[in-house]
Protein chains: 2
Amino acid sequence: MFLKPRTPRIPMRHGLPPWPHPAIESRLMMSIHEKFSKLATDNAPGQEVRRRSEDLALLFRGEPLEGIPVDFSHGDVDAFLPTPGSFETFEAGVVAGGRHAYTEYRGDIGIRQVVAKRLARFTGASVDAAEGMIITPGTQGALFLAVACTVSRGEKVAIMQPDYFANRKLVEFFEGQIIPVHLDYANGDERAGIDLDQLEAAFVAGAKVFLFSNPNNPAGVIYSPQEIGAIAALVDHHGAIVIADQLYSRLLYSGNTYTHLRAAAINPENVVTIMGPSKTESLSGYRLGVAFGSKEVVGRMEKLQAIVSLRAAGYNQAVLRGWFAEPDGWMDQRIVLHQAIRDDLLTVLRSADGLSARTPQGGSYLFPSFPDLVVSPQDFVRILRAQAGVTVTPGTEFSPYCANSLRLNFSQDHEAAVQAMRRLVTLVERYRK
Amino acid sequence: MFLKPRTPRIPMRHGLPPWPHPAIESRLMMSIHEKFSKLATDNAPGQEVRRRSEDLALLFRGEPLEGIPVDFSHGDVDAFLPTPGSFETFEAGVVAGGRHAYTEYRGDIGIRQVVAKRLARFTGASVDAAEGMIITPGTQGALFLAVACTVSRGEKVAIMQPDYFANRKLVEFFEGQIIPVHLDYANGDERAGIDLDQLEAAFVAGAKVFLFSNPNNPAGVIYSPQEIGAIAALVDHHGAIVIADQLYSRLLYSGNTYTHLRAAAINPENVVTIMGPSKTESLSGYRLGVAFGSKEVVGRMEKLQAIVSLRAAGYNQAVLRGWFAEPDGWMDQRIVLHQAIRDDLLTVLRSADGLSARTPQGGSYLFPSFPDLVVSPQDFVRILRAQAGVTVTPGTEFSPYCANSLRLNFSQDHEAAVQAMRRLVTLVERYRK
């Protein structure tokens, strides 16, 4: 069963003993298959079109429910339009020509200088445009690079449960070892509900990286100042790196305060913050994100971006010039409209027996739990789409313990979303155990 | 020195023995540093602005040479403009809105169907738009995904020397084991000059992946029908995967024929072909590429793209509708203009003692070799930029044996490029040993 490393005739790679041992080489060949079998995307948002649905009809109860189909798997950029002027700033990038087509891998310095100032003001801590910031193809691009640049094979990584599904997949892809940290999002009242004892235990166990989204995706809860302060203290004490996904930190509902981890008492080199204009600003079609903070990590991210995608599309980068510079009142208006949808969806949801959800404090995700049904949660998600034209993301994408939950991105046409929620409630009643 | 794996108390990961051994864990922590130190980008095209130049002046001989600065590290999209209509097709994508902002991870099916037909016609073999093609953020994005989806840790990979520098870096990043295959590009006359015995030896030694660019980057040579046939036979015989980077396969100079590997006698599942409109078509600012061929590999690539960048920017994907549908004569004209620049640069180059280059058969790269100088090749590259406003890419980026070569992308303003080549020749004379 055990394998003795071969004699050192073979040159050392990465200063490591000569892996792979010949006897495990065949297993390594296998490992790429296993690696990709873990990367299943069939239930990922946007991929529903690729799912087969034979035999699903056998499970149907009752007639299809009429109504405008709503895809809650992502925001509707036709209902909430991209920031005014975004196309014009893109056009200016094209007109600028070569200067914009070929930027540094980390992005155009002029744009980084403009955006760094605004991000510093927004987050309450300075941003080094030259060395401490990189422009990426979407926040997904930033997240991938940040994990790739901090998680080496076998390294322990603390991630929240539930949290954005890609966090888990990224750590698995780089063969890190996940240490889950429980988020009691449903009962956190003033707190998001992070189990700080579990986080500390993860660091004590050797975790050197902590990855989390705030507001939490999928639950929409915001970490309290006390929670952020405690995270900062633990990260510094254990000399870890924290990757803070703040994609939704601009979309905050009334009565909530947001605490930026990077502005807390923490070593700036221990934090990488990720943001982008894809969600609240509806600029997803331009694939833009930024990562800022730790200069060492950002430096590595640029080296990796050079072989992953070279750079965020050069012309698209120009669109960031309009970020955090939206017309007066535009963002307030967008928040008010989302809050109204949130409240109406919660009213419909809470009118039904056994359906419940904590009120999202920020972002446009609703993460309700539903009662036990006569069909599996996976099948219920497919039935919802087939019988009611309602597309949602299964809770298991976010945590193995959230099978009875669904994620809905409610950045949608208000009335269509409310009607879709009514159909969802109706189907829950139909299929209730 | 050697380490005995720990007792199997720890759960197996990926069906592998319980790595990392605790005693190597610290080395693994190190390994990510080593990994990224190998990913140096300081000499990569476009990154010259980040290089420090203190003390360089001490090496100067003579006065600076006046002239329009030319950046030969990449094409000048202001000299050769993007395909007519590209911006308008982008605009149509933005107008289409949500449908375009959120596509499948592998790209919009409508666009894939349009492009697949044209790629099939161009390459002479069918392309499955649904299962056998993916749209990526640039050809770099396709190359990264293709290598990540075929090269597992410790796996042997055959790559050409010289070839595109990212090929080597990608294999190293995924901890594959490079088996170099010599390309005698300077003397290949009718052939590109691949050493087929070395390629066969690589497969016999266990290489399961072969990665190469055709036309070759940096030398601009094209693999002959016999060479392509032999590669196909070896790949099939050894059941390997070949990744063919055909980025420049549309820009062919008079008197040359191009053979598409995927149209040769080869198992279609053994080939992934990569192309994109970033170079010849000057659409680099949109970051678009495609990979097509092996359905299994393309399927994996989509799973990985889901966590790397989600998708090529949705609006940008629309630009592909104009690819391979340029106005009549537009491509012929573009080829004629590049051939004229190529020929004038070669005339200047060959007028100088000790400077030589094989005539590029396709693409817009020139890869001359220069005589021994009193300064190091690295310093000469920096002196060229500082004293003559001429930016080139050092040969060592492409092969450890090409220190005395430079790569020039001659997709530039014709007259400015010729003047810049004259300045290059002058500096070679100045610093000649």
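Numbers restart at 1 for each chain; the letters A, B, ... are given by sequence-line order, proteins then strands. Quick note: numbers below take in every heavy atom, side chains included, and nothing from hydrogens, waters or symmetry partners.
- With hydrogens and angles disregarded, no donor-acceptor distance shorter than 3.5 Å links the side chain of A/Gln140 to the backbone of A/Pro137.
- Proximity to chain B involves both the backbone and the side chain of A/Leu304, based on heavy atoms less than 4.5 angstrom apart.
- Contact count against chain A (heavy-atom pairs under 4.5 Å) is highest for B/Ser309 among B/Ala142, B/Gly141, B/Ser309, B/Gly98.
- When heavy atoms are compared at a cutoff of 4.5 Å, A/Val94 approaches chain B solely by way of its side chain, counted from C-beta outward.
- Contacts between B/Ser278 and chain A at a heavy-atom distance below 4.5 Å involve the backbone alone (N, CA, C, O).
- Of the residues considered (B/Gly285, B/Pro82, B/Gly138), B/Gly285 shows the highest number of contacts with chain A, using heavy-atom pairs under 4.5 Å.
- Contact of A/Ala79 with chain B is not made at all, since no heavy-atom distance falls under 4.5 Å.
- Residues A/Ile135 and A/Asp108 have side chains not in contact (no heavy-atom distance under 4.5 Å, counting atoms from C-beta outward).
- Heavy-atom pairs under 4.5 Å with chain A were tallied for B/Gly97, B/Gly289, B/Cys149, B/Ala306; the largest tally goes to B/Cys149.
- With 3.5 Å as the limit, one finds no donor-acceptor pair spanning the side chains of A/Asn409 and A/Ser411.
- Counting heavy atoms from C-beta outward, B/Ser282 and B/Leu81 have side chains that stay 4.5 Å or more apart.
- For B/Ala312, the part sitting under 4.5 Å from any heavy atom of chain A is the backbone (N, CA, C, O) and nothing else.
- With chain A as partner, the option from B/Gly314, B/Ala313, B/Ala101 having the largest number of non-hydrogen pairs under 4.5 angstrom is B/Ala313.
- Heavy-atom distances place the backbone of A/Thr150, and not its side chain, under 4.5 Å from chain B.
- Chosen from A/Ser284, A/Gly93, A/Ala166, the residue pairing most often with chain B at heavy-atom distances under 4.5 Å is A/Ser284.
- Between the A/Arg106 side chain and the A/Gln305 main chain, no donor and acceptor come within less than 3.5 Å of each other.
- Proximity to chain B (any heavy atom under 4.5 Å) is shown, for A/Ser86, by neither the backbone nor the side chain.
- Using a cutoff of 4.0 Å between basic side-chain nitrogens and carboxylate oxygens, A/Arg112 and A/Glu131 are not scored as salt-bridged.
- Residue contact with chain B, scored on non-hydrogen atoms closer than 4.5 Å, involves the backbone of A/Val151 exclusively.
- The side chain to side chain donor-acceptor pair (under 3.5 Å) check on B/Gln317 picks up B/Thr103, with sequence neighbours excluded.
- Heavy-atom pairs under 4.5 Å with chain A were tallied for B/Leu143, B/Val308, B/Leu310; the largest tally goes to B/Val308.
- Remark: A/Tyr315 pairs with B/Tyr286 by the ring pair (Phe, Tyr, Trp, His ring centres under 6.0 Å) rule, at least two apart or across chains.
- At a threshold of 4.5 Å between non-hydrogen side-chain atoms, the residues B/Val77 and A/Tyr102 count as touching.
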